[in-house]
Student: 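The structure follows.
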Number of protein chains: 2
Amino acid sequence: METTTVKTYSITQVSKMYNLPTTTLRYYEDLGLLYDIPRLKGRRAYTQQHLNRLGAICCFKDTGMTLKELQELFEAQDNDNDLTKTCEILDNHYERVLEQLAQLKKNERHIKRKVRFYHDIKSAKENHTEMPDWDDYRDRDF
Amino acid sequence: METTTVKTYSITQVSKMYNLPTTTLRYYEDLGLLYDIPRLKGRRAYTQQHLNRLGAICCFKDTGMTLKELQELFEAQDNDNDLTKTCEILDNHYERVLEQLAQLKKNERHIKRKVRFYHDIKSAKENHTEMPDWDDYRDRDF
DNA sequence: GTAACACTTCAAGTATACTTGAAGTAAAAT
DNA sequence: ATTTTACTTCAAGTATACTTGAAGTGTTAC
């Protein structure tokens, strides 16, 4: 007879690992995003499975998926094992992520220009030199 | 004597241009993010200045700046003309945007892998071929 | 033994960013 | 002339994602 002990993590450890308050971890459990978390003497004992799931939650949430959408995704994945729906949700979300990425790159360039512009204004004012013109920064790459 | 007419835009036009509800445009005005919008017969008439400002609002908001932070930024920019503070806020925000971009790229790759994984599961099930293993997708680039 | 600590559950409260509702106005359409 | 459309103001309501508070429990420190 062989017994294998599974490595588990306390809620405080998980909280630190994923940089999420313990209250948020409990909240995700209330919503059903995390479930079947075993208790050791009444305390949550997260397994690697739960950490993987939490990683997915963070990844999807950080890319703009709502917790409700995450519930749907996990429902399709876990309960129904509905691959068509799972793929559909994933495909749609991936599309959105690509759009986000394109938009964020645009915004990053815009903000970079603005940063340079304001630093140049500051220098010009301090050194009594000619003020920069935003038109010179508008569609220019640095 | 010479009179120049400035091109203006109605709230509905601006709403369509920036893909924001008219209620949100009024809300931003309430918060002071947009101000001195002239009225023609009681109706808002946005000038190019306001559109530029609105573009900035969207850009910063979409990159995670709160409306409160935007108020601070505009206050430093418009009222105080405090270049040190303006530069500081912009610099800090730009840092955050770069982090976001790095994170989003990571998340995009992770989701891409997951999309492929689930499509391969679907194919395998449909064609009764061997199921894929997530470990083969984990840190692999496609 | 008892106090402190680290959790536990469950309900209620909060922050941010809108969104809706009510009541009114002014010009255009019928 | 009166209805419809497109706004207006101002106050109140809502959605999402937590966050806090109250009351309780079980191991650890003194």
Side-chain angles (χ1 to χ4, degrees), chain A residues 8-47 50 53-75 89 93 96 100 103 107, chain B residues 8-47 50 53-75 89 93 96 100 103 107:
Chain A
T8 63
Y9 305 86
S10 74
I11 196 166
T12 356
Q13 287 175 318
V14 177
S15 167
K16 276 165 193 162
M17 282 193 259
Y18 287 84
N19 203 30
L20 290 172
T22 57
T23 53
T24 302
L25 294 172
R26 291 196 200 95
Y27 173 61
Y28 288 169
E29 200 178 338
D30 284 348
L31 295 184
L33 296 178
L34 291 167
Y35 54 88
D36 289 347
I37 299 167
R39 312 284 147 132
L40 292 181
K41 296 166 188 159
R43 311 288 174 78
R44 286 168 178 79
Y46 294 82
T47 70
H50 299 107
R53 168 60 58 103
L54 193 52
I57 293 170
C58 291
C59 173
F60 287 114
K61 192 191 57 123
D62 289 350
T63 50
M65 197 178 259
T66 64
L67 301 183
K68 203 176 176 180
E69 288 173 311
L70 265 164
Q71 285 178 325
E72 282 178 52
L73 173 61
F74 290 151
E75 199 182 303
I89 295 173
H93 187 62
R96 287 196 295 175
Q100 263 181 70
Q103 189 59 51
N107 286 335
Chain B
T8 65
Y9 305 85
S10 73
I11 196 167
T12 356
Q13 287 175 316
V14 176
S15 168
K16 278 166 192 161
M17 283 192 259
Y18 286 83
N19 203 31
L20 289 173
T22 56
T23 53
T24 302
L25 294 172
R26 290 196 201 97
Y27 174 60
Y28 288 168
E29 199 178 338
D30 284 348
L31 295 183
L33 296 178
L34 290 167
Y35 54 87
D36 289 346
I37 299 167
R39 312 283 147 133
L40 292 182
K41 295 166 190 161
R43 311 287 175 80
R44 285 167 179 79
Y46 295 83
T47 69
H50 299 106
R53 168 60 58 103
L54 192 52
I57 292 171
C58 291
C59 174
F60 286 115
K61 191 190 60 123
D62 289 349
T63 51
M65 197 177 259
T66 64
L67 301 183
K68 203 175 175 182
E69 287 173 313
L70 265 163
Q71 284 176 325
E72 282 178 52
L73 173 61
F74 290 151
E75 199 181 304
I89 295 173
H93 187 63
R96 290 196 295 174
Q100 263 180 70
Q103 190 58 51
N107 287 335

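Each chain gets a letter, A, B and so on, in the order its sequence line appears, and its residues count up from 1. All of these numbers come straight from a predicted model, not from anything done at the bench. The figures that follow rest on heavy atoms only: side chains count, while hydrogens, waters and symmetry mates do not.
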Student: Measure from the side-chain heavy atoms of B:Tyr27 and tell me the nearest of C:dT8, D:dC18, C:dC18.
Tutor: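 For the B:Tyr27 side chain, the nearest candidate turns out to be C:dC18.
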Student: A:Lys61 versus A:Leu67: any side-chain heavy-atom pair under 4.5 Å?
Tutor: yes
Student: Just distance, no hydrogens or angles: give the donor-acceptor pairs under 3.5 Å from side chains in residues 19-30 of chain B, sequence neighbours left out.
Tutor:
| unit_1 | atom_1 | unit_2 | atom_2 | d |
| --- | --- | --- | --- | --- |
| B:Glu29 | OE1 | B:Arg44 | NE | 2.5 |
| B:Glu29 | OE1 | B:Arg44 | NH2 | 3.4 |
| B:Glu29 | OE2 | B:Arg39 | NH2 | 2.2 |

Student: Please determine if a side-chain N or O atom of A:Thr12 lies less than 4.0 Å away from the OP1 or OP2 oxygen of C:dC7.
Tutor: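 The answer is yes; a side-chain N or O of A:Thr12 sits under 4.0 Å from OP1 or OP2.
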Student: Should A:His50 and A:Arg53 be marked as a side-chain hydrogen bond (donor to acceptor under 3.5 Å, both in side chains) after you check the CA-CA gap, both sets of side-chain angles, and the distance that decides it?
Tutor: CA-CA 5 Å; A:His50 299 107; A:Arg53 168 60 58 103; over 6 Å; no
Student: Find the distance B:Phe60:CZ to C:dT16:P and express it as a whole number of Å.
Tutor: 20 Å
Student: Are A:Gln103 and A:Gln100 close enough that some pair of their side-chain heavy atoms sits under 4.5 Å apart?
Tutor: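 No, their side chains stay 4.5 Å or more apart.
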Student: For B:Thr22, which contact category applies under a 4.0 Å heavy-atom criterion: base, sugar-phosphate, or nothing?
Tutor: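 Since no nucleic acid heavy atom lies under 4.0 Å of B:Thr22, the category is nothing.
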Student: Looking at A:Cys58 and A:Tyr18, what are the two nearest heavy atoms and their distance?
Tutor: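 So the minimum-distance heavy-atom pair works out to SG-CD2, 4.2 Å.
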Student: Using whole Å, what does the distance between atom C1' of nucleotide D:dT19 and atom CD1 of A:Ile11 come to?
Tutor: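 One finds 14 Å between C1' of D:dT19 and CD1 of A:Ile11, rounded.
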Student: Closest approach to the side chain of B:Leu67, judged atom by atom: which nucleotide of C:dC7, C:dT20, C:dC18 is it?
Tutor: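 Between C:dC7, C:dT20, C:dC18, the one nearest the side chain of B:Leu67 would be C:dC18.
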Student: Scan A:Arg26 against the nucleic acid and name what it touches under 4.0 Å (heavy atoms): base, sugar-phosphate only, or nothing.
Tutor: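 Answer is base: heavy atoms of A:Arg26 come under 4.0 Å of a base.
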Student: With a 4.0 Å cutoff (strictly under), does any side-chain N or O of A:Arg44 reach OP1 or OP2 of C:dC7?
Tutor: no
Student: From CG of B:Leu25 over to P of C:dA17, roughly how many Å is that when rounded to an integer?
Tutor: 16 Å
Student: Look at the side chain of A:Thr23 and decide which nucleotide, out of D:dT9, C:dT9, D:dT19, has an atom nearest to it.
Tutor: D:dT19
Student: Find the distance A:Ile57:CD1 to D:dC18:C1' and express it as a whole number of Å.
Tutor: 14 Å
Student: Output the rounded distance in Å from NZ (B:Lys68) to C1' (C:dT14).
Tutor: 13 Å
Student: So, do B:Leu34 and B:Ile57 sit near enough that their side-chain heavy atoms are less than 4.5 Å apart?
Tutor: yes
Student: Would a distance-only check, ignoring hydrogens and angles, find a side-chain to backbone donor-acceptor pair under 3.5 Å from B:Thr63 to B:Cys59?
Tutor: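 Yes.
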Student: Just to be sure I understand the geometry, which residues of residues 29-43 of chain A put a non-hydrogen atom under 4.0 Å away from DNA chain D?
Tutor: A:Lys41, A:Arg43
Student: Are B:Tyr28 and C:dA17 close enough that a side-chain N or O sits under 4.0 Å from OP1 or OP2?
Tutor: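 Result: no.
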